[in-house]
Visitor: 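Supplied in structure tokens, the structure appears directly below.
Every value quoted in this text rests on a predicted model; they were computed, and no experiment measured them.
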Amino acid sequence: LSQAMMTKKLIWKLMSRPSKGAIVNLSSISASRGVGYLMPYSQTKAFNDYFSQNLEQEYGHKLDILSVMPGFVSSNMTQNRIDGMVISNRQP
């Protein structure tokens, strides 16, 4: 919820500018498809994406609202994924 609270504090500053401002939220591809063993992560990223969509509906006339949804990369969090969704740097 810190994202929503921060946005609530700052959105009026962005809205009061004479030029169109922008908000960029970082989501993940896991927001749009279930990812086993990463449920809390997937849920928070889904919140980020839907939050961006709702901001666009309310403030899109004055602000550009973007939700960036990158895919997986090889990391400790994704080391056990075997479904082809991870970009791996493992040696054959």
Visitor: What is the distance from atom NE2 of His61 to atom CE of Met15, rounded to the nearest 0.5 Å?
Guide: 4.0 Å
Visitor: Are Leu10 and Trp12 connected in a single hydrophobic cluster, I mean Ile/Leu/Val/Met/Phe/Trp/Tyr linked by side-chain heavy atoms less than 4.5 Å apart?
Guide: no
Visitor: In the structure I gave you, are the side-chain heavy atoms of Thr7 and Phe51 within less than 4.5 Å of one another anywhere?
Guide: yes
Visitor: Ile11 versus Leu63: any side-chain heavy-atom pair under 4.5 Å?
Guide: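 They are in side-chain contact.
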Visitor: Rounded at 0.5 Å granularity, tell me how far CE in Met6 sits from OG in Ser2.
Guide: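 If we round to the nearest 0.5 Å, Met6:CE and Ser2:OG are 7.5 Å apart.
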Visitor: State, yes or no, whether a side-chain contact exists between Ile23 and Leu66 at a heavy-atom distance under 4.5 Å.
Guide: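 Answer no - side chains too far apart.
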Visitor: Verify side-chain hydrogen bond (donor to acceptor under 3.5 Å, both in side chains) between Gln53 and Asp49, making sure each step is shown before the conclusion.
Guide: CA-CA 6 Å; Gln53 291 176 33; Asp49 191 47; 3.1 Å; yes
Visitor: Quick one: salt bridge (Lys or Arg N to Asp or Glu O under 4.0 Å) partners of Lys20, sequence neighbours excluded?
Guide: Asp64
Visitor: Looking at side-chain heavy atoms only, is the closest gap between Leu26 and Asn48 below 4.5 Å?
Guide: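 Sidechains of Asn48 and Leu26: no contact.
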Visitor: Ser42 side chain to Met39 main-chain N or O, any donor-acceptor pair under 3.5 Å?
Guide: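 No, because the side chain of Ser42 does not come within donor-acceptor range (under 3.5 Å) of the backbone of Met39.
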Visitor: Supply the atom-to-atom distance Lys62 NZ to Ser16 OG, rounded to the nearest 0.5 angstrom.
Guide: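 That separation rounds to 8.0 Å.
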Visitor: Atom OG in Ser30, atom CE in Met69: separation rounded to 0.5 Å?
Guide: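 That separation rounds to 7.5 Å.
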Visitor: Under 3.5 Å, is there a donor-acceptor pair between the side chain of Ser27 and the main chain of Ser67?
Guide: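 Judged by distance alone, no pair lies under 3.5 Å.
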Visitor: Is the shortest heavy-atom distance from the side chain of Ile65 to the side chain of Asn54 under 4.5 Å?
Guide: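 They are not in side-chain contact.
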